[in-house]
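Worksheet: the structure to be examined is printed underneath.
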Amino acid sequence: MNYALLLCGGSGKRMGSLPVGKTLMPVGGIPAVVRCARAFSSADCRLILVVPQGQESLYHDVLGHFGLSARITAGGKERQDSVGRGLALVPEDGDLVLIHDGARPLVSEKLIRELIRQALISGSAVPALPVTDTLKRADADGTVLGTTDRAGLYRVQTPQVFCAGDLRKARAAAGEGPFTDDAQVMEQAGFKVHLCPGEADNLKLTYPEDFVMAEKLLSPLFRTGFGLDAHRLTAGRDLVLCGVRVPYDKGLDGHSDADVALHALTDALLGACALGDIGTWFPDTCEEYRGISSRILLERAAALVRDKGFEIVSCDITIVCQKPKLAPYIGQMREYTAESLGLDTDRVSVKATTTEGMGYEGRGEGISAHACATVSAPWGKQDQATPASQTL
Ligand code: MG
């Protein structure tokens, strides 16, 4: 079993005054420590939190609120004391220890899994990025004394991954610090430390502007889909639009209830997520869908969209219809549609228009509907490809 040691002791002095420790501050609406804990849990690590003295139950409650659990201990005075207290909770037969700054909430499951894989091969794995900025040395007044060659220099991140036994031996052998990270303890004790590509997004919350950057990186990506459908008007059928039965002497012809507006919306939702179209999922050759309420098809499409990790943000439908007048039913159409999608009514727009007698809608031969749907992908950050430059 692998153990993630989340160090949450930072007081956030460089943040100005914070109401709580910085690892409890929300990032994208979720406490930083919870984001870390989720990533390591997803990568099958047991969690150990090292937190400020006296805040053990607070952290316990925060994790519990998000359905997470961890062994929690109070930290020591220096970073290495805190690591020692956390390490004491790792069983003797623990395999790898992943030491992570609780103030790096954007660590990804992908990075954690890759570091574990590398550490199993090499005995250690430390994420790092090459230094790309030019480095200057300067005196206290800011006068440049020289330029440092940046070749072979790296910015080191966490989690730093070591075999539990090696880390214990290294800590016993390394002597007095100060050590700014755990890799330094290993180096000092003569262990080889292996660098692996880190992630540019894996930033540490140190200054207020780091929170701003983290929020930007977490802001959701939006996608929009479009749908268009048309059905023929015929005698002897009910006219159903957005789930509402509209009194009229004709109805729309089709395999299902032929709710043209919800068909267009279903296509828009599926289109926003590149999930094909209504015919892909609910073919009109299938007996199951004969006479079915299109609200059921819409609800199933919404479930498909959510299963893919998207959230439905809003939708807008325009029904093109010469007769009957739809204005009296628009409110109910919006409510029915919003209910089917689990959205507030103010996120669902339904409009109707005529074509001033032109075309098949204008001649009363049929009704068409156009729909747009917007969805958000909350995993936007992880969805982005890693730029090729991020290799060691
Ligand atoms: Mg249709």
Side-chain angles (χ1 to χ4, degrees), residues 219-231 233 238-248 251-252 254 256-279 281-282 292-362 364 366-378 380:
S219 54
L221 293 179
F222 291 96
R223 294 192 186 190
T224 301
F226 176 71
L228 168 62
D229 196 22
H231 283 255
L233 277 165
D238 285 331
L239 176 59
V240 181
L241 294 168
C242 288
V244 177
R245 188 158 289 127
V246 178
Y248 192 46
L252 292 172
S256 63
D257 64 3
D259 188 329
V260 68
L262 293 192
H263 289 186
L265 178 57
T266 302
D267 261 353
L269 277 176
L270 294 170
C273 309
L275 279 169
D277 64 16
I278 192 167
W281 294 95
F282 317 110
I292 197 171
S293 161
S294 298
R295 287 185 72 181
I296 295 171
L297 306 184
L298 177 66
E299 285 166 12
R300 289 188 191 169
L304 287 166
V305 164
R306 291 184 172 120
D307 279 350
K308 264 218 137 189
F310 292 93
E311 284 299 323
I312 301 165
V313 176
S314 64
C315 65
D316 184 17
I317 303 169
T318 298
I319 303 168
V320 186
C321 170
Q322 195 68 39
K323 269 200 254 178
K325 275 237 164 294
L326 298 181
Y329 307 101
I330 293 289
Q332 203 182 353
M333 288 179 184
R334 289 180 62 206
E335 276 172 29
Y336 271 38
T337 307
E339 195 184 295
S340 297
L341 295 177
L343 292 182
D344 287 339
T345 312
D346 68 359
R347 292 180 178 231
V348 175
S349 161
V350 178
K351 314 190 297 295
T353 184
T354 71
T355 57
E356 299 190 336
M358 295 181 288
Y360 64 87
E361 301 102 326
I367 295 176
S368 68
H370 305 241
C372 271
T374 300
V375 301
S376 67

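Numbers here simply count residues along the sequence, with the first being 1. Quick note: numbers below take in every heavy atom, side chains included, and nothing from hydrogens, waters or symmetry partners.
In this structure, the ring-ring contact (aromatic ring centres under 6.0 Å, His included) partners of His231, at least two apart in sequence or on a different chain, are His263. When the salt bridge (charged side-chain N to carboxylate O under 4.0 Å, His left out) test is applied to Arg245, the partners found at least two apart in sequence or on another chain are Asp238.
With a 6.0 Å radius and a threshold of 12 heavy atoms from other residues, nucleotides or ligands, Tyr336 has its OH atom at or below the threshold.
Looking only at distances, a side-chain donor or acceptor of Asp267 sits under 3.5 Å from a matching main-chain atom of Ile278. A donor-acceptor pair is defined here as one N or O able to donate and one able to accept, closer than 3.5 Å; no such pair exists between the side chain of Trp281 and the backbone of Leu297. Asp259 places a side-chain N or O within 3.5 Å of a backbone atom of Gly243 that can act as its donor or acceptor partner. When atom types are taken as modelled, the side chain of Gln322 and the backbone of Gly357 share a donor-acceptor pair closer than 3.5 angstrom.
Side-chain N/O atoms of Arg334 and Thr345 include no donor and acceptor closer than 3.5 Å.
Listed here is the closest heavy atom pair of Val313 and Leu343: O-CD1, 4.3 Å. What you find for Ala261 and Ala369 is that their closest heavy atoms are CA-CB, 3.6 Å. Contact detail for Ser293 and Asp257: the closest heavy-atom pair is CA-OD2, 3.3 Å. The heavy-atom pair separating Cys273 from Phe310 by the smallest distance is SG-CD1, 3.6 Å.
Note: Lys351 NZ to Ile319 CD1 = 10.0 Å, rounded to the nearest 0.5 Å.
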